> 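I am attaching a structure below and will ask some questions about it afterwards.
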Amino acid sequence: MHPNADNLISSRFDTVLYDLDGTLIESARDMQVAVSRVLADHGLQAATEEDMRAFMGQGSRVTMDRAFAKYGKKKLSEDELSAVTREFVRYYEADPVSHTTAFPGVPEVVARFGKLGLKQAVCTNKFERPSRMILEHLKLMPPISDVAGADTFAPIRKPDPRHILMLLERMGSSKERSVMVGDSIHDLEAAHAAGLPAVLVSWGYTDKPASELGADAVIERFDALPRALEQLAAKG
């Protein structure tokens with residue numbers, strides 16, 4: 001890394017936004033537990049952790065819709081979907097942290113950016129309350145200072161760019177000096193539509209490899225994020 005990398009990064013960016021699940025945290029196991037409890041309440045078999053990774057990424061309603069489509073072999077009505085989503089949220093919010101961990105390198109990079117004076121926040125399609133609980137439990141908040149969840153600006157959520165733009169406005173940040181870090185096409189589409197560059201991680205919850213989505217940069221390890229931002233800054 002260039003010896004003046006931090007100066008280069010901070011001259012270009014003052015705000016870093018992150019997706020949560022599959023980007024900062026490995027949360028599939030806790031999600032699997034909560035989803036499986038709902039399925040059991042309806043006489044259905046438990047979801048697998050592998051399936052959870054495929055079901056996640058677009059919020060709790062989509063997760064539950066996909067779970068019942070596979071394990072219940074049925075398409076839920078809107079009222080049914082709302083009901084099972086409430087059931088899921090109740091189970092999940094009771095314990096969203098038992099099996100959830102930060103990916104390697106996340107605490108160190110978030111701390112480094114904090115010392116650099118960068119504002120950091122999470123923009124996620126997970127509900128805000130469990131997101132904050134997880135970030136606080138993992139000691140990522142602070143230096144992460146804000147969270148916009150699926151319910152924060154409801155019904156607005158990624159890939160709607162307003163999810164990002166409204167969070168930036170609340171933070172007092174501009175899109176011109178911000179960057180989005182995520183794992184999926186929804187993060188990329190929201191970022192680009194909002195006018196932000198997008199860095200994608202290669203290990204996330206997505207059915208298509210990050211390298212094929214058209215991101216401004218793709219990282220294989222989280223501790224490669226500073227280098228990716230340095231390279232984006234060097235490009236102007």
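Keep in mind it's a predicted model, so treat the numbers as computed, not measured.
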> Does Arg170, at its CZ atom, have more than 12 non-hydrogen atoms belonging to other residues, nucleotides or ligands within less than 6.0 Å?
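Yes, enclosed.
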> Using the side chain to side chain donor-acceptor pair (under 3.5 Å) rule, pick out the option among Thr124, Asp187, Asn125 that qualifies with Lys158.
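Testing each of Thr124, Asp187, Asn125 against Lys158, the sole residue satisfying side chain to side chain donor-acceptor pair (under 3.5 Å) is Asp187.
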> Take Ser98 and Asp30 through the test side chain to side chain contact (heavy atoms under 4.5 Å, CB included) and record every step on the way to the result.
CA-CA 7 Å; Ser98 285; Asp30 280 317; 3.8 Å; yes
> For the side chain to side chain donor-acceptor pair (under 3.5 Å) test, which of Thr100, Thr101, Asp21 pairs with Ser27?
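Among Thr100, Thr101, Asp21, the one that satisfies the side chain to side chain donor-acceptor pair (under 3.5 Å) with Ser27 is Asp21.
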> Kindly give the heavy-atom pair with the smallest separation between Ile156 and Met166, and that separation in Å.
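In terms of heavy atoms, the two residues are closest at CD1-SD, 3.7 Å.
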> May I ask you to check whether over 12 heavy atoms, not counting those of Glu50, lie within 6.0 Å of atom CD?
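Open: at most 12 neighbouring heavy atoms sit under 6.0 Å from CD of Glu50.
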> Throw together a table of side-chain donor-acceptor distances under 3.5 angstrom for residues 83-91, partners on residues two or more places apart or in other chains.
residue	atom	partner	partner atom	Å
Thr85	OG1	Leu81	O	2.7
Glu87	OE1	His42	NE2	3.1
Tyr91	OH	Asp41	OD2	2.6

> Do you know the tightest heavy-atom contact between Ala148 and Phe153?
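Heavy atoms only, the tightest pair is CB-CE1, 3.8 Å.
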> Between Gly59 and Arg157, what is the shortest heavy-atom contact and its length?
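Taking every non-hydrogen atom into account, CA-NH1, 3.5 Å.
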> Applying salt bridge (charged side-chain N to carboxylate O under 4.0 Å, His left out), name anything that partners Lys139, two or more places apart in sequence or on another chain.
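If we apply the salt bridge (charged side-chain N to carboxylate O under 4.0 Å, His left out) test to Lys139, skipping adjacent residues, there are no hits.
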> Could you check whether Asp216 pairs with Lys235 (Lys NZ or Arg NE/NH1/NH2 to Asp/Glu carboxylate O, under 4.0 Å)?
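Salt bridge absent between Asp216 and Lys235.
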> With a 4.0 Å cut-off, would you call Asp6 and Lys115 a salt bridge?
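The answer is no: the pair does not qualify as a salt bridge.
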> Are Glu49 and Arg53 ion-paired here, with the side-chain N under 4.0 Å from a carboxylate O?
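A salt bridge links Glu49 with Arg53.
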> Going by side-chain contact (heavy atoms from CB on, under 4.5 Å), name the residues that satisfy it together with Ile185, two or more places apart in sequence or in a different chain.
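Ile185 satisfies side-chain contact (heavy atoms from CB on, under 4.5 Å) with Leu188, Glu189, Leu213 only.
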> What are the two closest non-hydrogen atoms of Leu24 and Asp19, and how far apart are they?
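In this case the closest contact between Leu24 and Asp19 is CG-O, 3.5 Å.
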> Show your reasoning for whether salt bridge (charged side-chain N to carboxylate O under 4.0 Å, His left out) applies to Glu230 and Arg12.
CA-CA 9 Å; Glu230 178 194 357; Arg12 169 64 180 86; over 6 Å; no
> Taking atom types as modelled and ignoring hydrogens, do the side chains of Arg61 and Ser82 form a donor-acceptor contact shorter than 3.5 angstrom?
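Judged by distance alone, the side chains do pair up.
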> Quick one: closest heavy-atom pair of Leu39 and Ala67, and the distance?
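Closest approach of Leu39 to Ala67, heavy atoms only: CD2-O, 4.3 Å.
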> Determine whether Val33 and Val35 fall in the same hydrophobic cluster, where Ile, Leu, Val, Met, Phe, Trp and Tyr are linked whenever their side-chain heavy atoms lie under 4.5 Å apart.
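Cluster IDs for Val33 and Val35 differ.
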> Under 6.0 Å from the CD atom of Glu93, do we count more than 12 heavy atoms belonging to anything else shown?
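Check passes, neighbour count above 12.
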> Just one of Ser178, Ser145, Ser173 clears the side chain to side chain donor-acceptor pair (under 3.5 Å) bar with Lys119, so which one?
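Considering Ser178, Ser145, Ser173, a side chain to side chain donor-acceptor pair (under 3.5 Å) with Lys119 is found only for Ser173.
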> Search all heavy atoms of Ile164 against all heavy atoms of Ala194 and return the closest pair with its distance.
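For Ile164 and Ala194, the tightest heavy-atom pair comes out as CG2-CB, 4.1 Å.
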> Is it true that Arg132 and Glu128 make a salt bridge, defined as a side-chain N closer than 4.0 Å to a carboxylate O?
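Counted as a salt bridge, because a side-chain N and a carboxylate O are separated by less than 4.0 Å.
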